[in-house]
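Right, one structure below, let's go through it.
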Number of protein chains: 2
Amino acid sequence: MTKIGYRFTRPRRLIFEVLEQHIKPVSTQDIFQFLKKRNKYIDLTSIYRTLDLMKKATIVNEIEFGDGKKRYELVKGKNHHHHLVCKNCGDVEDIEIREEKLMKALKIETDFKIEKHTLEFFGLCDKCK
Amino acid sequence: MTKIGYRFTRPRRLIFEVLEQHIKPVSTQDIFQFLKKRNKYIDLTSIYRTLDLMKKATIVNEIEFGDGKKRYELVKGKNHHHHLVCKNCGDVEDIEIREEKLMKALKIETDFKIEKHTLEFFGLCDKCK
DNA sequence: GTTTTTGCAAACTTTTTGCATGCGG
DNA sequence: CCGCATGCAAAAAGTTTGCAAAAAC
């Protein structure tokens with residue numbers, strides 16, 4: 001019988017720290033470049049693998065804003081929320097929504113067993129409009 | 001002075017027809033393969049360019065289900081709606097939502113000028129659950 | 001005939017995979 | 001030790017770009 005356990009290694013710690021230091025969701029490249037600038041080189045592959053792991057462990061949220069790359073944010077320290085994305089400058093603002101209210105308003109009639117949803121808003125921020 | 005106008009060419013017509021024949025959103029590859037099987041070869045590039053054009057002209061909707069590729073569906077013939085995606089078999093079901101109700105329930109307080117939103121649901125369909 | 005559109009080749013971006021080496025417990 | 005994790009190289013998948021040739025009007 002083999003033991004299973006995750007190790008808290010240098011790359012994982014660094015990635016976690018980067019996530020902690022960012023309020024807005026970050027991409028794999030964001031993390032890579034952020035660390036690189038500080039002379040903390042981690043292979044991109046490890047970033048992908050670590051985020052994948054964190055996603056499965058519900059440590060991070062994976063978000064898509066429609067520009068072909070995924071972004072990640074720490075789950076801890078935040079309530080369930082959605083995002084407002086500025087089409088012009090890319091600024092991201094969190095918005096909290098009363099999900100019960102939302103789901104009640106939706107009154108979805110379906111045979112699907114809904115497990116999760118994504119809801120993102122796009123527009124122009126105060127500065128850009 | 002030069003004239004500007006779009007031309008209704010063979011590739012564009014074919015792509016439009018493919019979209020008409022599909023209820024569920026299709027990817028660029030879906031369109032490409034569908035036509036290829038019927039010996040109607042169109043370059044993938046043209047598919048990308050045509051869809052881009054159609055998106056700008058609000059002829060198609062661009063949707064993301066989180067699997068790294070974009071999907072398209074005709075706007076015409078459908079009311080504003082969202083999707084239920086089965087995580088297991090990939091089946092897609094449309095759901096209509098009373099947007100006024102939704103937005104009222106949300107009561108979003110923000111400086112953003114919201115122009116659009118995406119809302120997709122993920123879960124298991126009747127067969128897969 | 002002139003402008004728009006296409007197909008082809010090539011590049012670019014994001015993400016994934018295989019594998020030998022290396023680190024953690 | 002020994003298994004899990006890393007870095008590196010390479011590839012896969014989706015998408016974009018430049019350009020000459022072809023099609024539309």
Side-chain angles (χ1 to χ4, degrees), chain A residues 1-19 24-36 38-57 59-73 85 90 118, chain B residues 1-19 24-36 38-57 59-73 85 90 118:
Chain A
M1 179 134 182
T2 53
K3 269 198 209 159
I4 20 165
Y6 297 122
R7 292 175 182 166
F8 201 52
T9 57
R10 189 188 96 104
R12 292 184 180 172
R13 178 174 46 77
L14 286 173
I15 292 166
F16 189 81
E17 284 170 11
V18 175
L19 288 166
K24 325 249 157 162
V26 288
S27 67
T28 48
Q29 270 298 335
D30 290 338
I31 297 173
F32 182 73
Q33 297 301 338
F34 183 89
L35 288 171
K36 201 177 159 199
R38 284 156 186 77
N39 292 313
K40 314 263 186 195
Y41 178 84
I42 296 181
D43 197 83
L44 247 189
T45 313
S46 299
I47 299 178
Y48 275 103
R49 287 193 274 231
T50 300
L51 290 172
D52 197 46
L53 218 62
M54 288 176 152
K55 186 172 99 179
K56 281 175 186 146
I59 293 167
V60 294
N61 245 343
E62 189 183 73
I63 314 149
E64 270 189 301
F65 290 153
D67 62 353
K69 61 185 153 198
K70 289 169 179 167
R71 286 180 175 76
Y72 301 85
E73 61 180 1
V85 184
T118 65
Chain B
M1 180 135 177
T2 53
K3 271 199 208 156
I4 21 164
Y6 296 123
R7 291 171 184 174
F8 200 52
T9 57
R10 188 187 98 104
R12 291 183 182 172
R13 178 174 46 76
L14 286 173
I15 291 166
F16 189 80
E17 284 170 12
V18 175
L19 289 166
K24 325 252 158 157
V26 288
S27 67
T28 47
Q29 270 298 332
D30 291 339
I31 298 174
F32 181 73
Q33 297 300 337
F34 183 88
L35 289 171
K36 201 177 159 199
R38 283 154 185 78
N39 293 312
K40 315 261 185 197
Y41 178 84
I42 297 181
D43 198 84
L44 247 190
T45 314
S46 301
I47 299 177
Y48 275 104
R49 286 193 275 228
T50 300
L51 289 172
D52 198 43
L53 218 59
M54 289 176 152
K55 186 172 101 180
K56 280 174 186 146
I59 293 168
V60 296
N61 242 344
E62 189 183 74
I63 314 148
E64 270 189 302
F65 289 155
D67 61 354
K69 61 184 153 202
K70 289 168 181 170
R71 286 179 175 77
Y72 301 84
E73 62 180 1
V85 184
T118 66

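Throughout, protein chains are lettered first and strands after them, A, B, ... in sequence-line order, and every chain is numbered starting at 1. Keep in mind that what you see is a predicted model, and the values were worked out from it rather than measured.
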Residues that [X] engages under side chain to side chain donor-acceptor pair (under 3.5 Å), provided they are two or more places apart:
{"X": "A/Thr118", "value": "none"}
{"X": "A/Lys36", "value": "none"}
{"X": "A/Lys24", "value": "A/Asp91"}

Do nucleotides 20-25 of chain C as a string where each nucleotide becomes B, S or -: B if the base has a protein heavy atom under 4.0 Å, S if just the sugar-phosphate does, - if no protein is that close. ---BB-
Does the side chain of A/Leu53 come within less than 4.5 Å of A/Lys56's, by heavy atoms?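 No; the side chains remain at least 4.5 Å from each other.
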Over how many whole Å does the gap from [X] atom [atom1] to [N] atom [atom2] extend?
{"X": "B/Ile31", "N": "C/dT6", "atom1": "CD1", "atom2": "P", "result": "13 Å"}
{"X": "B/Leu51", "N": "C/dT5", "atom1": "CG", "atom2": "C1'", "result": "15 Å"}
{"X": "B/Arg12", "N": "C/dT6", "atom1": "CZ", "atom2": "C1'", "result": "9 Å"}
{"X": "B/Asp43", "N": "D/dA23", "atom1": "CG", "atom2": "C1'", "result": "16 Å"}
{"X": "A/Ile47", "N": "C/dT15", "atom1": "CD1", "atom2": "P", "result": "11 Å"}
{"X": "A/Arg71", "N": "C/dT14", "atom1": "CZ", "atom2": "C1'", "result": "12 Å"}

Kindly give the atom pairs (protein nitrogen or oxygen, nucleotide nitrogen or oxygen) under 3.5 Å for nucleotides 12-17 of chain D.
unit_1, atom_1, unit_2, atom_2, d
D/dG14, OP1, B/Lys69, NZ, 3.4
D/dT15, OP1, B/Lys70, N, 3.2
D/dT15, OP2, B/Thr28, OG1, 3.3
D/dT15, OP2, B/Tyr48, OH, 2.6
D/dT15, O5', B/Tyr48, OH, 3.2

side-chain N/O A/Tyr6 vs D/dG3 OP1/OP2, d < 4.0 Å: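 For D/dG3, neither OP1 nor OP2 has a side-chain N or O of A/Tyr6 closer than 4.0 Å.
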With B/Arg71, which residues qualify under salt bridge (charged side-chain N to carboxylate O under 4.0 Å, His left out), at least two apart?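 B/Arg71: salt bridge (charged side-chain N to carboxylate O under 4.0 Å, His left out) contacts with B/Asp67.
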Can you list everything that forms a salt bridge (charged side-chain N to carboxylate O under 4.0 Å, His left out) with B/Lys40? Sequence neighbours excluded, please.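 With neighbours one apart ignored, the set is empty.
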Working to the nearest 0.5 angstrom, can you tell me the gap between B/Asp52 CG and B/Ser46 OG?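 Output value for this atom pair is 12.5 Å.
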Non-neighbouring partners of [X] that pass side chain to side chain contact (heavy atoms under 4.5 Å, CB included), sequence neighbours left out:
{"X": "B/Leu44", "answer": "B/Thr28, B/Gln29, B/Phe32, B/Ile47, B/Tyr48"}
{"X": "B/Pro11", "answer": "B/Thr9, B/Ile42"}
{"X": "B/Glu64", "answer": "A/Glu64, B/Lys70"}
{"X": "A/Phe16", "answer": "A/Glu20, A/Met54, A/Ile59, A/Leu74"}

The helix from C/dG1-D/dC25 to C/dG25-D/dC1: angle between end helix axes, five pairs per end, rounded to 10 degrees: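 Its terminal axes enclose an angle near 30°.
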